Engineer: 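Let me begin by handing over the structure; questions about it come next.
As the structure is a computational prediction, the values presented were derived from the model and not from experiment. Both ligands and their constituent atoms are indexed starting at 1 by order of listing.
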Amino acid sequence: MMFKVPRGTKDLLPVETGSWQAVESLIRETCRLYRYEEIRTPVFEQTELFTRSVGDTTDIVQKEMYTFEDRGGRSLTLRPEGTAPVVRAFVENKLFGSPDQPVKLYYMGPMFRYERQQAGRYRQFVQFGVEAIGSDSPAIDAEVISLAMDVYQRAGLKDLRLVINSLGDKESRNAHREALIRHFEPSIGEFCSDCQNRLQKNPLRILDCKVDRDHPLMKTAPALTDYLNEESAAYFEEVKTSLDALGIEYVVDPNLVRGLDYYNHTAFEIMSTSDGFGAITTLCGGGRYNGLSEEIGGPEAPGIGFAMSIERFLMALEAEGKMPETESKLDAFIVALDEESRKEAVKILGNLRREGIAADMDYMGRKMKAQMKAADRQKAGHVIVIGEDELKNGAAGVKNMADGTQETVEFARLAEALKSRS
Ligand code: ATP
Ligand code: MG
């Protein structure tokens, strides 16, 4: 029996983890510049947290959740997204009581969705996301969008398209909802069964349907932007003004609705426009979620955030030829020529590492030539050779692999000598 990695998941081997780490540190550094601090929540939560917040007419809740009963009979779900858990933690830990408002958080970790596997779509994927909770200033919307764009741009991406829209407040959404029902109701029989269910429950979701996306009524559907009340329209204007102030380019797309129920006012997506990117072009999605905190039992705490997957981030870097270069290098490799030398090598290796020098040796009993090759493969800066003579003299031959120079250094002074050269 051969075991395989579960469908929709993948192993990240050392040839890939280097670029992952590079992207992760760039993300952490960008968050530091914006004063967003890391939060880590569990990978599973009470199922109801998601059905309530994400919404039970959404694809995520209807089709994509990994839900199971634990041995105590509780219904738990592997988190499909990060916002609801973070807001849950914000409420439960009373972060709303902190003097520093809004509370600015970021997370990075695996999410789980039962999806059909294709390029850029996995069942376990890693999302980086931020949440700014506690302020409804339009300037914070712009800050959050700016952070997302900054992460991509600092990584070297150029082919980006930022699309924004406003979903308005409750009043605007209700007006739009009525208009959508009037628009779709006469022909709802031509739509998929999901859409038929959505018509009364949540007609906005119809616009997000992947089955009926080419139906002619989709194009002529009433746009949300035409139903914004004065307050919502003014809010949207201010978000745009703040984006302008930050020098961020954007396109307004009145058809942009997001796949989760809790969004209102600002919604945005960042796409890759790179030729090499493939069919799915969305890199990042986010929006404002005033009311979510109350929905899950917390105080009023308006919030905004986004999420992006590292998988699609790396696909965009690949498409634009901007994959971070990551070569792990060794400072020194010890070549030991016989059993006695090996024992000395173990001792020296320990000393070098204690002094902060990255070093390795052969454990396969290889011949000298094969050991030299291993040193080469591992891009060792120096090779230290120990054999019978070296043992007798208590000094090893140290070869600088960059310029080929060689010198003899006492065992006790090896760390010092290597440090002075790097
Ligand atoms: P889509 O329309 O592509 O299904 P979504 O609306 O489900 O996207 P969000 O829930 O907004 O996506 O997630 C935000 C980001 O997370 C996406 O823009 C994408 O980068 C990433 N993402 C979502 N689902 C997956 C997945 N299954 N595999 C990899 N990345 C994903
Ligand atoms: Mg999806």
Engineer: Name the closest protein heavy atom to atom 29 (C) of ligand 1, giving the residue it belongs to and the distance to 0.1 Å.
Structural biologist: Gly120 O, 3.3 Å
Engineer: Indicate, as side chain, backbone, both or neither, the part of Leu283 found under 4.0 angstrom from ligand 1 when only non-hydrogen atoms are considered.
Structural biologist: backbone
Engineer: Between Asp150 and Tyr34, does the side-chain contact (heavy atoms from CB on, under 4.5 Å) criterion hold? Intermediate values first, please.
Structural biologist: CA-CA 10 Å; Asp150 231 10; Tyr34 283 74; 2.9 Å; yes
Engineer: Return the residue, atom name and 0.1 Å-rounded distance of the protein heavy atom closest to atom 7 (O) of ligand 1.
Structural biologist: Arg113 NH1, 2.9 Å
Engineer: Quick one: ring-ring contact (aromatic ring centres under 6.0 Å, His included) partners of Phe313, sequence neighbours excluded?
Structural biologist: Tyr152
Engineer: Whether the side chain of Glu320 engages the backbone of Ser274 through a donor-acceptor N/O pair (distance < 3.5 Å, no angle test) should be reported.
Structural biologist: no
Engineer: When rounded to the nearest 0.5 angstrom, what is the spacing between CG in Leu162 and CE in Met149?
Structural biologist: 5.5 Å
Engineer: Taking the six-membered ring for Trp and the single ring otherwise, decide whether the centroids of Phe112 and Tyr122 are under 6.0 Å apart.
Structural biologist: no
Engineer: For atom 15 (C) of ligand 1, what's the nearest protein heavy-atom neighbour? Residue, atom name and distance, please.
Structural biologist: Ala307 O, 3.5 Å
Engineer: Does ligand 1 have an atom under 4.0 Å from some heavy atom of Glu81?
Structural biologist: no
Engineer: Contact between ligand 1 and Gln127 is defined here as a heavy atom of the residue under 4.0 Å from a ligand atom; is it met?
Structural biologist: yes
Engineer: Looking at atom 30 (N) of ligand 1, what's its closest protein heavy atom, distance included?
Structural biologist: Ser309 OG, 2.9 Å
Engineer: So which bit of Arg123 gets within less than 4.0 Å of ligand 1, heavy atoms only: side chain, backbone, both or neither?
Structural biologist: neither
Engineer: Would one find an N or O of Phe125, backbone or side chain, under 3.5 Å from an N or O of ligand 1?
Structural biologist: no
Engineer: Taking only residues two or more places apart in sequence, or in another chain, which ones meet Lys399 in a side-chain contact (heavy atoms from CB on, under 4.5 Å)?
Structural biologist: Met401, Gln406
Engineer: So among Arg116, Arg205, Arg198, which one has a salt bridge (Lys or Arg N to Asp or Glu O under 4.0 Å) with Asp59?
Structural biologist: Arg198
Engineer: Provide the number and element of each atom of ligand 1 under 4.0 Å from a heavy atom of Cys284.
Structural biologist: 18 (O)
Engineer: Between Lys210 and ligand 1, find which residue part has any heavy-atom pair under 4.0 Å and reply side chain, backbone, both or neither.
Structural biologist: side chain
Engineer: Which residue holds the protein heavy atom closest to atom 19 (C) of ligand 1, what is that atom called, and what is the gap in Å?
Structural biologist: Arg312 NH1, 3.4 Å
Engineer: Taking 4.0 angstrom as the limit and counting only heavy atoms of Thr282, give me the atoms of ligand 1 inside it, by number and element.
Structural biologist: 18 (O), 20 (O)
Engineer: Quick check: Glu115 and ligand 1, any N/O pair under 3.5 Å apart?
Structural biologist: yes
Engineer: If you have a sec, work out which protein heavy atom is nearest atom 11 (O) of ligand 1 and how many Å separate them, to one decimal?
Structural biologist: Arg258 NH2, 2.4 Å
Engineer: Name the one of Asn264, Asn174, Asn229 that satisfies side chain to side chain donor-acceptor pair (under 3.5 Å) with Asp169?
Structural biologist: Asn229
Engineer: Side-chain donor-acceptor pair under 3.5 Å between Asp136 and Tyr235, yes or no?
Structural biologist: no
Engineer: Is the cationic atom of Lys94 (NZ for Lys, CZ for Arg) positioned less than 6.0 Å from the six-membered ring centroid of Phe96 and within 45 degrees of its normal?
Structural biologist: no
Engineer: At what distance is the nearest protein heavy atom to atom 28 (N) of ligand 1, and which residue and atom is it?
Structural biologist: Tyr122 N, 3.0 Å
Engineer: Does the ring centre of His265 sit less than 6.0 Å away from the ring centre of Phe236?
Structural biologist: no
Engineer: Identify, for atom 3 (O) of ligand 1, the protein heavy atom at the shortest distance, and state residue, atom and that distance.
Structural biologist: Arg121 NH2, 3.1 Å
